[in-house]
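In the text below, chain A, chain B and the rest are named by the order of the sequence lines, each starting its count at 1.
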Amino acid sequence: MSFQAPKGTFDWIPPRSERVLAVREALAAPVRRAGYGYVETPVFEDTALFVRGVGESTDVVSKEMYTFTDKGGRSITLRPEGTASVVRAVLQHGLHNGQLPVKLWYSGSQFRYERAQKGRYRHFWQVGAEAIGAEDPALDAELILLAADGYAALGLTGVRLLLNTLGCKECRPRYRAALQEFLRGLDLDEPTRARIEINPLRVLDDKRPEVQAQLAGAPLVVDHLCEACKAYHEEVRELLTAAGAAFTDDPRLVRGLDYYTRTTFEFVHDGLGSQSAVGGGGRYDGLSEMIGGPALPSVGWALGVDRTLLAMEAEGLLAEEAIGERVQVYGVPLGEEARRRMFLLVTELRRAGLTADMSFGGKGLKGAMKGAGRSGARYALVLGERDLAAQAVQLKDLTTAEQTEVPLAEVADILKGKFS
RNA sequence: GUGGGCGUAGCUCAGUUGGCAGAGCGCCAGGUUGUGGUCCUGGAUGUCGGGGGUUCAAGUCCCCUCGCUCACCCCA
């Protein structure tokens with residue numbers, strides 16, 4: 001083979017690819033029911049949008065972006081996440097000038113230049129939802145519940161919800177300073193020491209045991225929250241509890257993107273190898289201003305489509321994917337004349353609303369019948385010279401092997417009757 | 001960017017102290033010239049990831065290289 005998919009990317013092929021469609025639909029259904037409108041933005045944007053929106057200090061921006069210069073000399077970046085684009089679209093089209101919040105959802109590809117491993121690829125898919133322009137704990141709770149409903153609809157039972165708050169521009173700086181002071185006293189490697197100065201919160205997220213051991217006594221955000229943030233977070237927690245959503249408070253939960261404030265959450269699953277997050281999000285009250293817009297306190301999430309599929313696989317929810325009905329009816333023509341007639345018949349069936357396929361490539365009867373079996377079709381239509389002469393076709397039930405002759409003119413109606 | 005593991009048929013993988021390139025599944029054909037799934041018989045398909053070296057002889061040993069994969073890092 002001379003070509004293969006670029007490093008860190010992969011193809012969805014049947015029958016698994018069908019599950020991808022189903023997962024996207026299931027994850028999007030709850031937000032659609034909640035009145036979120038669909039938005040589609042370009043797969044690439046002005047590089048500066050991500051640098052300013054996502055944050056220069058993040059790994060995503062500093063080393064994981066697919067950036068290139070286009071023929072017009074513009075710096076372009078394949079989107080590493082969806083939120084910045086959606087907020088940009090809202091600002092560009094003035095959607096925030098109407099009633100707030102603006103509720104939008106999206107589904108599409110994201111790109112990050114990372115070293116691939118299980119559950120982490122350079123090209124991946126997310127379904128996302130954003131509620132833009134309102135500061136209301138009920139909105140945070142709504143989104144969290146909608147995501148949880150999506151996972152539940154897929155039959156997932158092992159998804160856990162982790163919840164935290166990062167404070168706001170009032171209380172975060174004080175916490176940040178306290179954390180930095182603590183971290184500077186630890187024995188850490190050079191990249192981590194640098195991170196203390198740039199984005200100290202993310203040091204809490206380090207998974208290395210030797211680092212975690214030293215973090216035992218680290219100051220936590222919850223102990224430094226201002227009154228407003230404390231009340232806000234408490235309200236989110238109460239709403240979730242009232243709605244029956246189970247969650248775990250995780251004071252160490254930190255997001256990798258700079259724009260997060262207050263509520264942050266992550267949906268985690270144990271079946272993804274060393275990755276754990278199947279979805280995550282939070283409040284981003286300052287993002288709009290960072291990219292030149294007015295103050296638009298907002299909240300949103302992104303759920304990983306391929307990671308969700310891995311989680312389903314880990315729970316054995318993909319087991320029965322081997323067998324599947326591709327079509328309902330399969331045509332088996334014998335000879336050139338019958339092939340032409342069958343082509344018309346199959347077309348007629350499809351226009352009548354049935355799903356139908358036929359044998360191509362001039363196979364013999366045996367090969368064509370094999371094709372019928374593999375298609376998962378309930379019925380095979382066998383058409384040969386004798387049938388053409390009689391203006392009839394053999395209708396075979398592939399589950400019982402029963403075969404009856406029916407007039408060509410009536411096949412469509414008869415089959416429609418059988419499937420209604 | 002840093003480590004570990006693995007590269008042999010479409011897929012999953014055997015391949016002994018270096019000695020003719022293999023199996024199962026799948027695919028194709030026949031058994032059955034108008035009937036699939038089961039069964040029987042037969043068939044096709046390989047730069048043994050690539051390059052170099054050692055050797056009478058390399059899938060096997062040595063060096064280099066590329067790819068995949070898992071993990072660190074980071075994140076959905």
Do [X] and [N] share a donor-acceptor pair, side chain to base, under 3.5 Å?
X	N	answer
A:Lys366	B:rU35	no
A:Lys396	B:rG36	yes
A:Arg120	B:rC73	yes
A:Arg202	B:rC73	no

Round to the nearest Å and state the distance from A:Leu204 atom CG to B:rC75 atom P.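 Atom-to-atom, A:Leu204 to B:rC75, this comes out as 12 Å.
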Could you tell me how far apart A:Glu114 (CD) and B:rC70 (C1') are, to the nearest whole angstrom? 15 Å
Sort out the partner of [N] for me: Watson-Crick or G-U wobble, both distances under 3.5 Å, none otherwise.
N	result
B:rC75	none
B:rU54	none
B:rA9	none
B:rG42	B:rC28
B:rG18	none
B:rG3	B:rC70

Over all strands shown, is [X] touching base, sugar-phosphate only, or nothing at heavy-atom distances under 4.0 angstrom?
X	result
A:Gly273	sugar-phosphate
A:Ala401	base
A:Leu334	base
A:Ala372	nothing
A:Val278	sugar-phosphate
A:Tyr121	base
A:Glu385	base
A:Gly384	base

[M] and [N], which share atom name [atom1], separated by this distance in whole Å:
N	M	atom1	result
B:rC6	B:rG46	P	27 Å
B:rC75	B:rC66	C1'	28 Å
B:rG22	B:rC62	P	25 Å
B:rA9	B:rC27	C1'	11 Å
B:rG43	B:rG24	P	13 Å
B:rC20	B:rA29	P	34 Å
B:rG52	B:rU16	P	24 Å

Do the ring planes of A:Tyr284 and A:Tyr260 sit parallel (below 30°), tilted (30 to 60°) or perpendicular (above 60°)?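 Rings of A:Tyr284 and A:Tyr260: perpendicular, over 60°.
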Quick check against the 3.5 Å criterion: does A:Arg79 have a side-chain atom that pairs as donor or acceptor with the backbone of A:Thr41? yes
Backbone N or O of A:Ala277 within a donor-acceptor pair of the A:Arg307 side chain at under 3.5 Å? yes
Got a sec: does the CZ of A:Arg32 have more than 12 other heavy atoms crowding it under 6.0 Å?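 Open: at most 12 neighbouring heavy atoms sit under 6.0 Å from CZ of A:Arg32.
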Nearest-nucleotide pick for [X], side chain only, options being [options]:
X	options	answer
A:Glu266	B:rC74, B:rA76, B:rC70	B:rA76
A:Arg115	B:rC28, B:rU69, B:rU35	B:rU69
A:Gln275	B:rU35, B:rG34, B:rC74	B:rC74
A:Gln117	B:rU69, B:rC75, B:rC73	B:rC73
A:Lys118	B:rC70, B:rA76, B:rC27	B:rC70
A:Leu365	B:rU35, B:rC74, B:rU69	B:rU35
A:Lys370	B:rC70, B:rA76, B:rG37	B:rG37

What I want to check is whether the side chains of A:Glu315 and A:Thr157 have a donor and an acceptor closer together than 3.5 Å.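 Short answer, yes.
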Can you tell me how far apart CG (A:Leu408) and CG (A:Leu383) are? Round to the nearest 0.5 Å. 6.0 Å
To the nearest 0.5 Å, what is the distance between CD (A:Gln403) and CG (A:Leu398)? 9.5 Å
A:Arg112 vs A:Ala116, nearer the 5' end of RNA chain B by closest nucleotide: A:Ala116
So which one's nearest nucleotide on RNA chain B is more toward 5', A:Gln403 or A:Val60?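 Looking at the nearest nucleotide for each, A:Gln403 comes out on the 5' side.
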With a 4.0 Å cutoff (strictly under), does any side-chain N or O of A:Thr308 reach OP1 or OP2 of B:rA76? no
Taking the side chain as every heavy atom from C-beta outward, state whether A:Leu154 and A:Thr308 have any pair of such atoms under 4.5 Å apart. yes
